[in-house]
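Have a look at the structure below before the remarks.
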Amino acid sequence: MHYAYLFEARGIQRFLFASGKLKDMQGGSELLDYICAEGGLLDQVLEKLDLNPGKPRNAGGVFYLLFDKQADARRFQAVWRMACANWIPGVEQVDALSSGEKARDAIKNGLNLLRTQRNQLNADLPRPGPLSERSPRTGLAAVQNIKGESLDAATAKQRVFERTDTEASLAQRFLNEENVFWPTDFEESAPKDRRFPLDERRLVGLIHADGNGLGELLRVLNSACQSAEDATYIKLYKTFSDGLTSATLGAARDACKAVLLPAAIDIDHNNRLLPARPLVLGGDDLTIVTRADLALPYTQEFLKAFEQHSRISMNKLRAEFEQAGLADAASQLPEHLTACAGISYMKCSQPFLAGHELAEGLCKRAKDASRKTRVSDQALMPSSIAFHKVQDSLLDDAKSQFDKDNRVSHQNESWQLALPVYGIHADHSSNERKLPSLDALNGLVNLFANARNSRSGNLHFNDRPLREISTLWRDNPALAKKAYGRWYELAQRNNAQDLQAFDYFMTQLLGQTQRDLPCSSTVGEDGAYSSPISDLLHLLTIRRSAQPQRQPSTQTEPAETAEVSA
């Protein structure tokens, strides 16, 4: 008989983002990461109890333990609940104790119990009375006053936690270069060596990424281990879990080196500061805050690298299957894994808790769109990205926010001025459900950015008329059509090569396009024509706000451009 103890730390978003201060997010992320770190909280508790259970899974605040004796499992559960409540106060603890004749059955029964436990509400402790002082940032009961600021239990814990010099922090596992540091503060008054490098609009990108198809992979593993020995099941599950974490971490490192490191700013002659802060890395989950203009390049690089690193992990898992005599199951494993991501573009002063919920919703939307493109249940879901630039201080869910900011209806016609999801790879198949290519959108952005920055006097082909067309589109589509026709005619006359590139990228994104508006020629499933114009304009704004300001040109703009802008 085997006895399994399963644990999940849930509700970590409120724990990380409640105060809205970057240094609290940093402390909270390190506290969470330390739970399953080598030699961390879990290992220390097991050592103190003189226990050495099997660990099929141990990453990202989630772990499964297998004991031979029920008394050991119950003893660990009692101590762990107390230790974890003290370690991460305010974080919801979900755990289950189960049993089974085989290790696989014990884990399966525990997972069923966890699903039930997730639906139970837990009270916040301590419960504040009517006369209790509260933390002004979180509204929770204050337990300490540090430097004149009343702090709740979670924030107080985040402020004081520091890992020792011998332990690799979460941020160091992302990127550990000499004389390169991660910021810890958004405040303008913070020291230069800790202040987050922001653009002139103080915009950041909050990225949340999550792997695809892991449930299907686990079903293959469980089915293959129906008659396998317990040691084989534990080894295969651990190989899967460790490989997933390794792929996520390897991809995060690659993206940091490719995107963040070149963008690091000099804080003195020897040291540089990165324009980002990692927050969560566990299993296939990633959450990181970057300077706004780096969010999309970082995410695209991460998703591509995740596919490459997961290929290595899948090869190792396949070899373990074959070594265990499970060749048929090994053939069902995918060549590699994919992931999807959501990005919330927001000001650093806006509520991060709501921003993260939006990023999670965007990630889910990307997953749903990727799932619909599959030609069969066995096909891999393509990696994809959904992003949204927050316009208001009050945020809705991803769908409501998208419709509110981008959907336009007039008489019997409707338009979406942004595309909901982009695929990170160009899809050359004939599948009608293929995703718009992110490379095509980047091509559009580069086209207008280069035209505006050109010193050759190319003033006809720029995005200012498109911004005015976008405004007219929302108020009076008929006027928008006339303005777009004038712009298109002038571009044909003066910038035919740029216009040809514009048409090419639009076709890559939308298929056949309309002549009188930059949108699709056919209505989508939601009853609206689609256009990437808002995405294009938002990304141009984000890119320019991060660049040094150029001196105003003394060249007089031709009358034709003024006519288009009228």
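Worth knowing before you read on, the calculation uses all heavy atoms, side chains too, and leaves out hydrogens, waters and symmetry mates. FYI, the numbering just counts along the sequence from 1.
- By the 4.5 Å heavy-atom criterion applied to side chains, Ile385 and Phe302 are not counted as neighbours.
- The neighbour count for Gln500 CD, taken as heavy atoms of other residues, nucleotides or ligands under 6.0 Å away, does not exceed 12.
- Under a 3.5 Å cut-off, the side chain of Arg318 and the backbone N or O of Pro334 do form a donor-acceptor pair.
- Panel note: side chain Trp87, backbone Leu31; a donor-acceptor pair is recorded below 3.5 Å.
- With hydrogens and angles ignored, the 3.5 Å screen pairs no side-chain donor or acceptor of Ser223 with any backbone N or O of Val220.
- Under a 3.5 Å cut-off, the side chain of Ser344 and the backbone N or O of Gly355 do form a donor-acceptor pair.
- Using modelled atom types, no side-chain atom of Thr287 and backbone atom of Leu279 make a donor-acceptor pair closer than 3.5 Å.
- Ring geometry for Phe17 against His356 counts as tilted: the plane angle lies between 30° and 60°, on a 0 to 90° scale.
- At a threshold of 4.5 Å between non-hydrogen side-chain atoms, the residues Arg543 and Asn446 count as touching.
- Salt-bridge formation is not detected for the pair Lys399/Asp526: no Lys NZ or Arg NE/NH1/NH2 atom is positioned less than 4.0 Å from an Asp or Glu carboxylate oxygen.
- Ion pairing of Arg374 with Glu216 is present here, as a side-chain N (NZ or NE/NH1/NH2) and a carboxylate O approach within less than 4.0 Å.
- For Phe505 and Phe448, the distance between ring centers is not under 6.0 angstrom.
- Contacts of Tyr233 classified as ring-ring contact (aromatic ring centres under 6.0 Å, His included), with partners at least two apart in sequence or in another chain: Tyr237.
- Of the possible polar contacts, one joining the Arg277 side chain to the Pro183 backbone as a donor-acceptor pair under 3.5 Å is found.
- Lys55 has a carboxylate O that lies under 4.0 Å from a charged side-chain N of Asp43, or vice versa, which qualifies the two as a salt bridge.
- Between the Gln44 side chain and the Gly39 main chain, a donor and an acceptor come within less than 3.5 Å of each other.
- A donor-acceptor contact shorter than 3.5 Å links the side chain of Arg365 to the backbone of Pro420.
- Under the 4.0 Å criterion applied to side-chain N and carboxylate O atoms, Lys316 and Asp242 are not assigned as salt-bridge partners.
- None of Leu447, Leu444, Thr541, Leu509 except one satisfies the side chain to side chain contact (heavy atoms under 4.5 Å, CB included) rule with Leu536; the exception is Leu444.
- Side-chain contact between Tyr298 and Leu260 is present, with heavy atoms from C-beta onward closer than 4.5 Å.
- Judged by distance alone, the side chain of Arg195 and the main-chain N or O of Ala190 form a donor-acceptor pair under 3.5 Å.
- A side chain to side chain contact (heavy atoms under 4.5 Å, CB included) with Leu510 holds for exactly one of Met506, Gln512, Gln508; it is Met506.
- Comment: Asp368 engages Lys364 in a salt bridge, judged by a side-chain N to carboxylate O separation of less than 4.0 angstrom.
- Using bins of under 30°, 30° to 60° and over 60° for the plane-to-plane angle, the ring pair Phe186/Phe352 lands in the parallel bin.
- Taking 4.5 Å as the limit, some side-chain heavy atom of Leu42 sits within range of a side-chain heavy atom of Leu65.
- Put simply, the side chain of Phe240 does not reach to within 4.5 Å of the side chain of Glu320, judged on heavy atoms.
- Panel note: side chain Thr373, backbone Lys434; no donor-acceptor pair is recorded below 3.5 Å.
- Taking the charged nitrogens against the carboxylate oxygens, Arg202 and Glu188 do have a contact shorter than 4.0 Å, which makes a salt bridge.
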